[in-house]
**Student:** 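To start, I am sharing the structure in question, which I have written as structure tokens.
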Amino acid sequence: LYFAEISVIMILYNKKCKTFTQGSDFMADYVIEMLNITKEFPGIKANDDVTLQLKRGEIHALLGENGAGKSTLMNILGGVLPADSGQILLDGKPVNFSNPVESLDAGIGFIHQELNLCNDLRVYENMFLGEEIKTKIRLLDKETMIAKCTAVYKVFDFVYTIVKTVYNTDIEYFACFSLSFLHHLSF
């Protein structure tokens, strides 16, 4: 299969500030909870009272037919869309994301199934798009971005030139890029 034929939504929750502290007996049963989420668009109910609960260390697949509401649910979690009703909890605490930056800051990241990259940018530039690392004088710190991207690729044993433009890459590297981006969130 080519990456373009795979309809998968990948999620990573990278808890930056732990609710659980050394010596404490409390830890939320679920790290991510989407409770009774409903989202309607004109003429269609994309999500109807959906509940999704994820425990630490679990891996889930969100499967369904086209139009089943998978992407809508993930766009709500990612701060792209607001829910009409329902609640999101991270480590048992209510959150309300009004944009993707807030979701990323809380440690939620996901790769959309329609992976939109900037073809004229290099792989490392796409990886840091919107999160560019800058020098003290506010110029792009290409050296640091390349080093971090290279470190991420080494974790996954990807052998690839990250200074090529995305336009010149083979389709299988988009899958590698996706995994690398998710791992980048925890750096």
**Student:** Verify side chain to side chain contact (heavy atoms under 4.5 Å, CB included) between Glu33 and Leu54, making sure each step is shown before the conclusion.
**Tutor:** CA-CA 6 Å; Glu33 294 180 84; Leu54 306 173; over 6 Å; no

**Student:** Could you tell me whether a side-chain N or O of Glu125 sits under 3.5 Å from a main-chain N or O of Leu121, the two making a donor and an acceptor?
**Tutor:**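 No.
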
**Student:** State, yes or no, whether a side-chain contact exists between Val95 and Ile108 at a heavy-atom distance under 4.5 Å.
**Tutor:**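 In short, these two side chains do not touch, never coming nearer than 4.5 Å.
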
**Student:** According to a 4.5 Å side-chain heavy-atom criterion applied to Ile, Leu, Val, Met, Phe, Trp and Tyr, with indirect links allowed, do Ile37 and Leu81 form part of one hydrophobic cluster?
**Tutor:**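 Yes: a chain of side-chain contacts under 4.5 Å links Ile37 to Leu81.
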
**Student:** Is it the case that one hydrophobic cluster holds both Leu89 and Leu52, taking links as side-chain heavy atoms less than 4.5 Å apart, direct or via other members?
**Tutor:**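 No, no single cluster joins them.
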
**Student:** Any heavy-atom pair between the side chains of Ile133 and Leu140 that's under 4.5 Å?
**Tutor:**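 Side chain of Leu140 against side chain of Ile133, heavy atoms only: no contact under 4.5 Å found.
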
**Student:** Mind checking the CG-CD1 spacing from Asn36 to Ile88? Nearest 0.5 Å is all I need.
**Tutor:**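 Going from CG on Asn36 over to CD1 on Ile88, the span is 12.0 Å.
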
**Student:** Do Leu35 and Val50 belong together in a cluster built from hydrophobic side chains that touch within less than 4.5 Å?
**Tutor:**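 In one cluster with Leu35: Val50, no.
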
**Student:** Hey, quick one: are Ile76 and Val101 part of the same hydrophobic cluster, counting side-chain heavy atoms closer than 4.5 Å, chains of contacts allowed?
**Tutor:**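 In one cluster with Ile76: Val101, no.
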
**Student:** What residues form a side chain to side chain contact (heavy atoms under 4.5 Å, CB included) with Ser85, not counting sequence neighbours?
**Tutor:**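 With sequence neighbours excluded, Ser85 shows a side chain to side chain contact (heavy atoms under 4.5 Å, CB included) to Thr38, given in chain and number order.
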
**Student:** Which residues pass the side chain to side chain contact (heavy atoms under 4.5 Å, CB included) test with Ile44, sequence neighbours left out?
**Tutor:**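 Partners of Ile44 under the side chain to side chain contact (heavy atoms under 4.5 Å, CB included) test: Phe41.
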
**Student:** Would you call Asp141-Lys134 a salt bridge at under 4.0 Å N-O?
**Tutor:**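 No salt bridge links Asp141 with Lys134.
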
**Student:** Specify the closest pair of heavy atoms between Cys118 and Asn126, including all atoms of both residues, with the distance to one decimal.
**Tutor:**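 Answer, listing the atom of Cys118 first, then Asn126: N-OD1, 2.8 Å.
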
**Student:** Taking all non-hydrogen atoms of both residues into account, name the closest pair between Lys39 and Pro82 and its distance.
**Tutor:**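 Minimum heavy-atom contact is NZ-O, 3.0 Å.
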
**Student:** Using side-chain heavy atoms (C-beta onward) and a distance below 4.5 Å, is Leu73 in contact with Met34?
**Tutor:**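 In short, these two side chains touch, coming nearer than 4.5 Å.
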
**Student:** Minimum heavy-atom separation for Phe128 and Met145, please, with both atom names.
**Tutor:**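 Between these two residues, the closest heavy atoms are CE1-O, 3.4 Å.
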
**Student:** Looking only at heavy atoms, what is the nearest atom pair of Met127 and Cys149, with distance?
**Tutor:**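 That would be SD-SG, 3.3 Å.
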
**Student:** Would you say Tyr124 and Lys142 make side-chain contact, with heavy atoms under 4.5 Å?
**Tutor:**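 Counting from C-beta outward, Tyr124 and Lys142 do come under 4.5 Å.
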
**Student:** Specify the closest pair of heavy atoms between Leu90 and Ala106, including all atoms of both residues, with the distance to one decimal.
**Tutor:**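 Smallest interatomic distance, heavy atoms only, reads CD1-CB, 3.8 Å.
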
**Student:** Roughly how far apart are Thr144 OG1 and Glu132 CD, rounded to 0.5 Å?
**Tutor:**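 Here the interatomic distance stands at 13.5 Å.
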
**Student:** Which atom pair, heavy atoms only, marks the closest approach of Ser103 to Gly79?
**Tutor:**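 Scanning both residues completely, I find the closest heavy atoms to be CB-N, 4.2 Å.
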
